[in-house]
Amino acid sequence: MKSLQYIFDNNRKWAEKIEREQPGFFEQLSKRQSPEYLWIGCADSRVPANEIIDLPPGDVFVHRNIANVVVHTDLNCLSVIQYAVEVLKVKHIIVCGHYGCGGVGAALDDHDHGLIDNWLRHIQDVYRLHRGELDAIADATARKDRLCELNVIEQVGNVCATTMVRNAWRTGQPLHVHGWIYRLEDGILRDLGVTATGMDG
């Protein structure tokens with residue numbers, strides 16, 4: 001079996017660098033967690049939440065899955081949202097997708113991918129809802145990119161429909177739900193303009 005010692009070495013160098021630059025950082029970090037942001041993103045290894053928005057450990061509560069999907073039967077995702085909203089009292093939930101998403105691409109093609117096809121059905125449902133618009137896009141890459149955007153918008157709606165978010169809004173808890181998308185080719189985030197701040201949008 002190949003040793004992964006280099007990862008432990010990298011970790012030690014990273015921790016030592018942080019401690020040199022900010023003495024006591026890890027001791028303070030260990031005592032509390034009070035992020036203002038919940039990031040729901042894709043599991044793609046090229047889309048690391050903290051690095052993209054340049055925030056340190058402790059500032060972003062993160063949930064990632066294939067194609068940043070929020071489903072009312074996914075107890076893992078819903079538990080993260082509940083903890084973030086009810087315990088951590090985050091002020092912002094960010095659903096962030098990315099162009100060139102492999103999950104979205106797989107949902108569009110006609111191949112058997114195994115178990116993941118059950119998960120991709122959620123994205124295929126988004127495609128079905130917007131079939132007219134998407135089928136009118138002749139360029140395959142542009143069509144996929146638009147589905148990436150529409151998927152984020154749909155998931156923002158799903159977050160807003162959760163009991164946790166609706167209850168927070170009913171009680172006046174300040175909470176914003178955002179839909180963003182990231183471009184791998186330039187590292188830039190784009191706001192899709194679907195921020196919700198309450199029951200009426």
How long is the span from the [atom1] atom in [X] to the [atom2] atom in [Y], to the nearest 0.5 Å?
{"X": "Cys42", "Y": "Arg64", "atom1": "SG", "atom2": "CZ", "answer": "7.5 Å"}
{"X": "Leu88", "Y": "Leu38", "atom1": "CG", "atom2": "CG", "answer": "9.0 Å"}
{"X": "Tyr6", "Y": "Asp9", "atom1": "OH", "atom2": "CG", "answer": "10.5 Å"}
{"X": "Arg12", "Y": "Ile7", "atom1": "CZ", "atom2": "CD1", "answer": "14.5 Å"}
{"X": "Leu147", "Y": "Lys144", "atom1": "CG", "atom2": "NZ", "answer": "9.5 Å"}
{"X": "Ile52", "Y": "Arg46", "atom1": "CD1", "atom2": "CZ", "answer": "11.0 Å"}

Least distance between heavy atoms, [X] atom then [Y] atom:
{"X": "Leu175", "Y": "Ile93", "answer": "CD1-CG1, 4.0 Å"}
{"X": "Asp191", "Y": "Gly179", "answer": "OD1-O, 3.6 Å"}
{"X": "Ser79", "Y": "Leu75", "answer": "OG-O, 2.6 Å"}
{"X": "Ala15", "Y": "Phe26", "answer": "O-CE1, 3.5 Å"}
{"X": "Pro56", "Y": "Asn50", "answer": "O-ND2, 3.1 Å"}
{"X": "Ile123", "Y": "Ala67", "answer": "CD1-CB, 3.3 Å"}

Between [X] and [Y], is any pair of side-chain heavy atoms under 4.5 Å apart?
{"X": "Arg146", "Y": "Leu134", "answer": "yes"}
{"X": "Thr162", "Y": "Gln82", "answer": "no"}
{"X": "Leu120", "Y": "Asp117", "answer": "yes"}
{"X": "His178", "Y": "Val156", "answer": "no"}
{"X": "Glu27", "Y": "Lys31", "answer": "yes"}
{"X": "His63", "Y": "Asn76", "answer": "yes"}
{"X": "Trp39", "Y": "Ile94", "answer": "yes"}

Taking the side chain from [X] and the backbone from [Y], do they hold a donor-acceptor pair closer than 3.5 Å?
{"X": "Asn167", "Y": "Met164", "value": "no"}
{"X": "Arg143", "Y": "Ala138", "value": "yes"}
{"X": "Asn68", "Y": "Ile40", "value": "no"}
{"X": "Gln124", "Y": "Leu108", "value": "no"}
{"X": "Glu36", "Y": "Lys91", "value": "no"}
{"X": "Trp119", "Y": "Ile66", "value": "yes"}
{"X": "His98", "Y": "Cys96", "value": "no"}

Surrounding [atom1] of [X] (heavy atoms of other residues, nucleotides or ligands, distance under 6.0 Å), is the total greater than 12?
{"X": "Arg131", "atom1": "CZ", "answer": "yes"}
{"X": "Asp54", "atom1": "CG", "answer": "no"}
{"X": "His113", "atom1": "NE2", "answer": "yes"}
{"X": "Gln5", "atom1": "CD", "answer": "yes"}

- Residues joined to Phe8 in its hydrophobic cluster, side chain to side chain under 4.5 Å directly or through other members, sorted by chain and number, are none
- Message: Go through it in stages, so that I can follow the logic: the residues are Asp125 and Arg121, the test is side-chain contact (heavy atoms from CB on, under 4.5 Å), and I'd like the CA-CA distance, side-chain angles, deciding distance and then a yes or no.
- Response: CA-CA 6 Å; Asp125 287 343; Arg121 283 298 307 268; 4.1 Å; yes
- Query: Who passes ring pair (Phe, Tyr, Trp, His ring centres under 6.0 Å) against Tyr83, sequence neighbours left out?
  - Reply: Phe61
- Message: Please determine whether residues Trp180 and Val165 belong to a single hydrophobic cluster, defined as Ile, Leu, Val, Met, Phe, Trp and Tyr linked transitively by side-chain heavy-atom distances below 4.5 Å.
- Response: no
- Would Val90 end up clustered with Leu78 when hydrophobic side chains under 4.5 Å apart are linked, directly or stepwise?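 They do share one cluster, since a chain of ILVMFWY contacts under 4.5 Å joins Val90 to Leu78.
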- Take Val194 and Val95, measure what side-chain contact (heavy atoms from CB on, under 4.5 Å) needs, and give me the verdict at the end. CA-CA 10 Å; Val194 292; Val95 179; over 6 Å; no
- Do NZ/NE/NH1/NH2 and the carboxylate oxygens of Glu16 and Arg20 come within less than 4.0 Å?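 No.
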- Message: Over 60° means perpendicular and under 30° means parallel, so tell me whether His92 and His176 are parallel, tilted or perpendicular.
- Response: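 The arrangement is parallel - the two ring planes meet at less than 30°.
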Going by atom type alone, with no hydrogens or angles, which donor-acceptor pairs under 3.5 Å involve a side-chain atom of residues 182-190 and a protein atom two or more places apart or on another chain?
unit_1, atom_1, unit_2, atom_2, d
Asp186, OD1, Ile188, N, 2.9
Arg190, NH1, Tyr99, OH, 2.7
Arg190, NH1, Glu149, OE2, 2.7

- Task: Tell me yes or no: between the side chains of Glu154 and Asn151, is some donor less than 3.5 Å from an acceptor?
- Result: no
